Amino acid sequence: MAVAEPYLPPSTGTLRSRVYVRVKRRRRSHAAVLDRIAIGLLAALTLMAFVTPLLAPFKPNLIAGDSFSHPGARFLLGTDEVGRDIFSRVLFGLRASWFASLEVIASGVIIGGLIGLVAGTAGGWIDDVLMRITDVFLALPGPILAIAVVAALGPSLQHTLIAVAIVWWPFYARIVRGEVKSLAARPHVEAARLAGVGRIRLAVRHLLPGAIPATVVTASLDVGNLVLTLAILSFLGLGAPSPAPELGAMVARGLTYLLQEWWVPIMPGLAVMFLAFVANLAGDGARDLLGVA
Amino acid sequence: MGRLVARRLGAMILVLLFLVVVVFSLQHLSPTDPVHSFLGANASKAAVKVESHKLGYDRPLPVQYLRYVGDLLHGNLQMSLRTRRPVATDLRHYLPATAELAIFSLALAGILGAVLGVTTAARFKGAGVFRVLTLSGASAPQFLLAELGILLFYRHLHWLPATGRSSLANPPSGPTGFLTIDTLVHGNLHGFTDAFGHLILPGLCIAMIPAVSIGRVLRSSLVSTMRTDYVRTARAKGLREVVVLWRHALRNSIGPALSMGGLQVGLMFAGVVVIEQIFAWPGIGLYTYQSIPRSDFPAIAGITLVLGAGYVIVNTIVDVLQAIADPRIAL
């Protein structure tokens, strides 16, 4: 049964007051503790990603010892087929994956948000055209399309990011447009319009801020999937070329050694799972705190 | 209902046409010259000219596009630059294995997702543990599951095979191309269990992420349905909880889970490509994996068209299924 909660006003008002209310409501629950741990971990991970070169005990692409050393005190996660330290390579791989995911999410949010905002505020035929385009993109399988785009442009990390960004924006266009449409009927927007506020200012100052919570929540729930999709592309050889410490590619190259030197392909795989897990958990937390959907 | 089906079919054809446009434009954005990679770097100018005329690459773009669509309608998908066979022939060769694996995984994802959603819909202790478990399921990349599965069930326990579709020397080759069905048609029970055993591990690895997403969506929509008045009425009538759940609540809650399942197919297909390579499954995924490093774009284009069409068709079916489960949607 639900535990009796202290009465707090329903979540309306500004983003900050909404978060505040939610945080207060959830302060004592176990879920809230988990949320906070996840968001903390994610922050730590981001910080670590910035200082990876300082943290890694060895250079990721240089031979550090014998090949296939077991995981142990000297090599935390063992060494690979040529004797490179897997722990250092995994750290650099995590950093690359995390930054890549953030870049793609950011470009998806910006491109999709812009299209959604224009469609939502302009209305009429502009809205129709933009949303039909968005719909057909949404109706196609993103990851498969991304593979085709990278294969066409030629495999490289940059092309992979472009390809995934191309298939990732439509979702955000839909969400921002939906929010903007529903906000447009609110009194404060009407008041602004009556006060003679121009179209662009209306969109940016009065409509866009209202669309932010839903977008942030969607983005944070999305990061985990994105991490996995990018790892798949890297596994397929569509990321940075060979010696680069990329998690998916490390798994693909290490597969041959699975039955004897299991740590070579398993460790980078575990790192992908760790990153996706922390991102998913933090995304859940962000949704609960912002109280959208 | 009939009108809904017609409308969905119309939308499906439009989306498929758009897919063709996307693939065609990608082919022309590609910096690799198909004729050069077909003939090799040292081909003479004259040979390149002859070959590009033969393959139709020297015509104006609109003409090429019309030819492309026309060829597609005749089932012609150009020549693979790697295997030197028509892409359509290659795909026909690889498709049954992938279709069998994908359908099996989709069914598995649906069943696991339903079980997960229904069993956890009731409020219970340890919801936090459940959340961590499902989130780990949703965060495990397919290749990691495959590795762990191979180490545990193949190397350690010797329960399941880890490569290929069958260990028979001469698996039956007809009539459907689905080994599990073909062996049954030929009355080969040993062959059937063998083929089925080969499906389990790769199927589970592909099904895990969609199963967890379906389960989570089903759970949350069931939880909100179980709070409605009509469910309270059903309970007040004295119906058993199981009956309330199956007869009354599930039908109204299954819509979001179905559309989630449809959306997950995209990531699932990418998973198929990875899993086929790990398990040496002779399907489209393996074909993709081999075509990428050789920049065999005609092959990739064919694969994208086939998998994209599969995705669009599955989602059209999902739309219709949703309307069957909840007829209000068709209105």
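Please read all numbers here as calculations on a predicted model, not as lab measurements.
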S.K.: Run A:Val150 and B:Ile292 through side-chain contact (heavy atoms from CB on, under 4.5 Å) and show every step you take.
M.R.: CA-CA 9 Å; A:Val150 196; B:Ile292 287 172; over 6 Å; no
S.K.: Using 30° and 60° as the class boundaries, would you call the ring planes of B:Phe143 and A:Phe235 parallel, tilted or perpendicular?
M.R.: parallel
S.K.: Can you say whether A:Leu228 sits under 4.5 Å from chain B via the side chain, the backbone, both, or neither, judging by heavy atoms?
M.R.: side chain
S.K.: Under 4.5 Å, counting heavy-atom pairs only, tell me which of A:Leu270, A:Thr229, A:Val278 racks up the most with chain B.
M.R.: A:Leu270
S.K.: Considering all heavy atoms of both residues, which atom of A:Ala152 and which atom of B:Phe297 are nearest to each other, and what is their separation?
M.R.: CB-CE1, 3.4 Å
S.K.: So, for A:Ala252 and B:Tyr289, which heavy atoms are closest and what is the spacing to 0.1 Å?
M.R.: CB-OH, 4.2 Å
S.K.: Any non-hydrogen side-chain atom of A:Val272 less than 4.5 Å from a side-chain atom of B:Leu144?
M.R.: no
S.K.: Just checking B:Gln290: does its CD atom have more than 12 heavy atoms from other residues, nucleotides or ligands closer to it than 6.0 angstrom?
M.R.: yes
S.K.: Checking side-chain contact (heavy atoms from CB on, under 4.5 Å) for the pair A:Asp284/B:Arg216: CA distance, chi angles, key distance, verdict?
M.R.: CA-CA 12 Å; A:Asp284 256 24; B:Arg216 292 178 76 195; 3.1 Å; yes
S.K.: Identify which of A:Pro143, A:Gly142, A:Gly248 forms the greatest number of heavy-atom pairs closer than 4.5 Å to chain B.
M.R.: A:Pro143
S.K.: Is it the side chain or the backbone of B:Ile150 that comes within 4.5 Å of chain A heavy atoms, both, or neither?
M.R.: side chain
S.K.: With a 4.5 angstrom heavy-atom cut-off, could you sort out which part of A:Ala38 is near chain B: side chain, backbone, both or neither?
M.R.: neither
S.K.: Flag the one option from B:Val274, B:Asn315, B:Val23 with the top tally of heavy-atom pairs under 4.5 Å to chain A.
M.R.: B:Val274
S.K.: Given the options A:Leu281, A:Val227, A:Leu258, A:Leu138, which has more heavy-atom pairs under 4.5 Å with chain B than any of the others?
M.R.: A:Leu258
S.K.: Answer yes or no: does atom OH of B:Tyr94 have more than 12 heavy-atom neighbours from other residues, nucleotides or ligands under 6.0 Å?
M.R.: yes
S.K.: Can you list everything that forms a side-chain hydrogen bond (donor to acceptor under 3.5 Å, both in side chains) with A:Asp128? Sequence neighbours excluded, please.
M.R.: none
S.K.: Out of the candidates A:Ile144, A:Val136, A:Leu140, only one should pair with B:Leu19 under the side-chain contact (heavy atoms from CB on, under 4.5 Å) rule; please name it.
M.R.: A:Leu140
S.K.: Between B:Leu263, B:Ile300, B:Thr316, B:Leu26, which has the largest tally of heavy atom pairs under 4.5 Å with chain A?
M.R.: B:Leu26
S.K.: State the CE-CD distance between A:Met267 and B:Glu147, to the nearest 0.5 angstrom.
M.R.: 11.0 Å
S.K.: Between B:Leu135 and chain A, with a heavy-atom cut-off of 4.5 Å, which part of the residue counts as in contact: side chain, backbone, both or neither?
M.R.: both
S.K.: Please report the shortest heavy-atom distance between A:Gly269 and B:Pro141, naming the atom on each side.
M.R.: O-CG, 3.9 Å
S.K.: Can you tell which part of B:Pro293 gets under 4.5 Å to a heavy atom of chain A, answering side chain, backbone, both or neither?
M.R.: neither
S.K.: Heavy-atom count around A:Met273 CE within 6.0 Å, excluding the residue itself: above 12?
M.R.: yes
S.K.: Is it the side chain or the backbone of B:Ile209 that comes within 4.5 Å of chain A heavy atoms, both, or neither?
M.R.: side chain
S.K.: Decide yes or no for A:Ile147 and B:Thr304: does some side-chain heavy atom of the first lie under 4.5 Å from some side-chain heavy atom of the second?
M.R.: no
S.K.: Less than 4.5 Å to any heavy atom of chain B: does that hold for the side chain of A:Leu255, its backbone, both, or neither?
M.R.: side chain
S.K.: Chain A heavy atoms under 4.5 Å from B:Leu267: which part of the residue, side chain, backbone, both or neither?
M.R.: both
S.K.: Non-hydrogen atoms of chain A under 4.5 Å away: do they reach the side chain of B:Phe269, the backbone, both or neither?
M.R.: both
S.K.: List the atom of A:Pro141, the atom of B:Gly266, and the distance in Å for their closest heavy-atom pair.
M.R.: CB-CA, 3.9 Å
S.K.: Side chain, backbone, both or neither: which part of B:Val265 has a heavy atom under 4.5 Å from chain A?
M.R.: neither
S.K.: Out of B:Ile278, B:Val273, B:Leu16, which one racks up the most heavy-atom pairs below 4.5 Å with chain A?
M.R.: B:Ile278
